[in-house]
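Before any comments, here is the structure.
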Amino acid sequence: MYSIKKTNLFIIGGLLSIGAVLMAADHLDAPAVMGTTADITDFYAFEGANQDNTVFVANVQSSLAPAGDSATFDENVLVEVNIDNDGDLVEDLIIQAIPRNGIMYFFGPYAPSQTGLNSVINEEAQYLGQVEISTGPAAITSSSNGISYFAGLREDPFFFDFTQFNAVIGGMAPNGFNNPGNDDFDGTNVLSIVIEVPNSFLGGTFSHPAGTGVEVFNTWVEAKRKQ
Amino acid sequence: MKFNNIKHIVASLFLTIGLVSCNNDDEGVGPVVPSIDFSGTFAQQDQMGRPGINTVLSGTSEIKNNFNVTIPSEQGATFQPLFLDQAVALHDAFGTTYETNILGLDAPTLTTILASDVLQVAPNAPTTYFDGTNVLTGRTLTDDVIDVSLILIFGGENGDRFNGQDLDNDGTPDLPILVTDGVSNAGETPLNVFPYLEVPHS
């Protein structure tokens, strides 16, 4: 189940090395967005080093192998973290990130004036931040109002035998996966946006829809292009 | 190791100086400069909640494209039946059928949950995709989300239904390996402080 929207790897690693297999697996990616600057590769949300905070990680343009240090965020692409506080699958709060001239600007969390497929940026949102985009090993970070910000090139934390997965899905691997498998994302980079937010800014919670009784909010990430 | 640390410190200083001279203090804040243009309408092109949903459970390119531009509140009605078809097809390919999984979910229930592609996050409980105890309370950088997903789809009630078993003890596996991709998180060593992700490969 891999989601992964790791299309670039597929293209670069695949077509070059194992053309036939990969061609068969090419249908696994969503063609409209694959390989573009709006291609989300992964989304993480976890408790921060400070237990009162939640960390959101949104990665785009995956598999920038091997170095991929020339990739840049697109000034026409807005990355938006959505938070649903009541379980109706509609965003109650958003956190937006968009680059301008080497700086990533952040807006929120705040309640959007409209929900759904189209977004605008409220420059008067309650929480605003910015950080210089990191292009090398040093991570340039900033913080304001208790929120921490990072944007830039990082090692892709994803690990997956995507090639064998495609073979399995494509009916070309009757024995399934290999033991051990091969991490196709080893040695690759990704453009990463990391935001650590005090939980007190993230709104309410509801009982887990799977019935576990744990209090949760829903979250998801979107990439939206300027029209 | 030490040398690397020193290099990083020097690099940080250098970057800090650069930042100051560029007029942004590195506490980063303040009102956004009015001359920067953030106007316009931004239309959705991609989206993601849980890992791997669209890649695995959408059976065609058209479904994948449509899923990415459907808001979560409308995903279930449209995509649950399609995801169920795909779950059946994935099993058909190995001459088998879905079996109620380790969480006690039958195929319609599992695909109903997965079709609304959002990630649940617990602000006041351990966050993990699945750690053996806590289920779907977040996703950390080292969670083996692939294996979890494979186990939920192919693992059956014990989670190990298709794991290369040698049923007749003839030394050759009789069942395929479908509950793990054989790749662990051993190579991932995220930092325990912000921004958590590792330095890029050069």
Side-chain angles (χ1 to χ4, degrees), chain A residues 1-4 28 30-33 38 40 43-47 49 67 78 89-90 100 116-119 121 129-131 137-140 142 144 148 150 153-155 157 159-161 171 175-181 183 187 189 192 194 199 214 216 218-220 222-227, chain B residues 8 11-12 15 19 26-29 32 36 38 40-49 51-53 55-56 61 64-65 68 71-73 93 116 118-123 125 127 137-141 146 149 176-178 181-183 185 187-188 192-195 197-202:
Chain A
M1 225 161 191
Y2 261 74
S3 129
I4 307 202
L28 289 172
V33 74
I40 298 165
F43 182 51
Y44 303 82
F46 53 91
E47 181 180 274
L78 174 70
L89 301 171
V90 175
R100 289 288 182 269
L117 294 174
N118 295 319
S119 288
I121 295 171
Q130 62 190 59
V131 66
I140 306 167
S142 72
S144 57
S148 298
F150 171 83
L153 194 69
R154 294 289 96 179
E155 188 258 354
F159 50 98
F160 181 30
D161 191 338
N175 296 323
F177 289 96
N178 298 317
N179 183 19
D183 180 7
N189 293 330
S192 209
V194 189
N199 290 329
V214 178
V216 295
N218 287 330
T219 186
W220 65 98
E222 297 163 347
K224 296 180 167 181
R225 185 174 294 276
K226 185 169 182 178
Q227 300 302 291
Chain B
H8 290 172
S12 301
L15 288 163
L19 277 171
D26 94 324
E27 284 303 303
V29 200
V32 169
I36 299 177
F38 294 110
T41 296
F42 297 82
Q44 184 164 318
Q45 294 200 328
D46 201 359
Q47 61 141 30
M48 174 179 184
I53 301 302
T55 296
V56 177
S61 294
K64 291 174 196 299
N65 285 338
N68 275 334
I71 58 177
S73 57
S116 295
V118 300
L119 183 67
Q120 280 83 35
V121 178
T127 47
T137 55
R139 179 187 175 190
T140 73
L141 295 170
I146 299 297
S149 303
I177 299 176
L178 299 176
D181 69 341
V183 178
N185 63 10
E188 307 298 331
N192 55 17
V193 295
F194 194 84
L197 279 77
E198 296 178 65
V199 299
H201 298 283
S202 57

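The structure presented is a predicted model; accordingly, all values stated were derived computationally and were not measured. Here is how names work: the chains are called A, B, and so on, in the same order as the sequence lines, proteins then strands, and each is numbered from 1.
- Looking at B:Gln45, both its backbone and its side chain come within 4.5 Å of chain A, counting heavy atoms on both sides.
- Contact between B:Asp181 and A:Asp161 at its shortest, heavy atoms only, is OD2-N, 3.0 Å.
- Looking at A:Phe160 and B:Val183, their side chains never come closer than 4.5 Å, going by heavy atoms from C-beta outward.
- Annotation: maximal heavy-atom pairing with chain B below 4.5 Å, among A:Asn118, A:Ile121, A:Leu117, A:Asp183, occurs at A:Leu117.
- In this structure the side chain of B:Leu141 reaches within 4.5 angstrom of the side chain of A:Phe46, judged on heavy atoms.
- Using a 4.5 Å cut-off between heavy atoms, A:Asn218 contacts chain B through both its backbone and its side chain.
- Taking the side chain as every heavy atom from C-beta outward, B:Gln120 and B:Val118 approach each other to under 4.5 Å.
- Only the side chain of A:Arg100 comes within less than 4.5 Å of a heavy atom of chain B; its backbone N, CA, C and O stay farther away.
- When the candidates B:Pro72, B:Ala122, B:Gly40 are compared by the number of heavy-atom contacts under 4.5 Å with chain A, B:Pro72 comes out ahead.
- The side-chain heavy atoms of B:Ile146 and A:Phe159, taken from C-beta on, include no pair separated by under 4.5 Å.
- For the pair A:Asn179 (side chain) and B:Gly182 (backbone), a donor-acceptor distance under 3.5 Å is absent.
- The residue among A:Ala32, A:Ala45, A:Ala49 with the most heavy atom pairs within less than 4.5 Å of chain B is A:Ala45.
- Between A:Arg225 and B:Gln44, the closest side-chain pair of non-hydrogen atoms is not below 4.5 Å.
- With a threshold of 4.5 angstrom between heavy atoms, A:Ser119 approaches chain B through its backbone and through its side chain.
- The contact between B:Ser116 and chain A is made entirely by side chain atoms (from C-beta outward), counting heavy-atom distances below 4.5 Å.
- For the atom pair CZ of B:Arg139 and OG1 of A:Thr219, the computed distance is 12.5 Å after rounding to the nearest 0.5 Å.
- Only the backbone of A:Asn175 comes within less than 4.5 Å of a heavy atom in chain B; its side chain stays farther off.
- Note: A:Trp220 CH2 to A:Leu89 CG = 6.5 Å, rounded to the nearest 0.5 Å.
- Among B:Leu197, B:Thr137, B:Val193, B:Ile71, the residue with the largest count of heavy-atom pairs under 4.5 Å with chain A is B:Leu197.
- For the set B:Pro123, B:Gly49, B:Ala93, the count of heavy-atom pairs under 4.5 angstrom toward chain A peaks at B:Pro123.
- Contact count against chain B (heavy-atom pairs under 4.5 Å) is highest for A:Ala223 among A:Ala223, A:Ser192, A:Gly176.
- For B:Thr127, the part sitting under 4.5 Å from any heavy atom of chain A is the side chain, from C-beta outward, and nothing else.
- Interface remark: B:Asn192 contributes backbone atoms only to the contact with chain A (heavy atom separation under 4.5 Å).
- The contact between B:Ala43 and chain A is made by backbone and side chain atoms together, counting heavy-atom distances below 4.5 Å.
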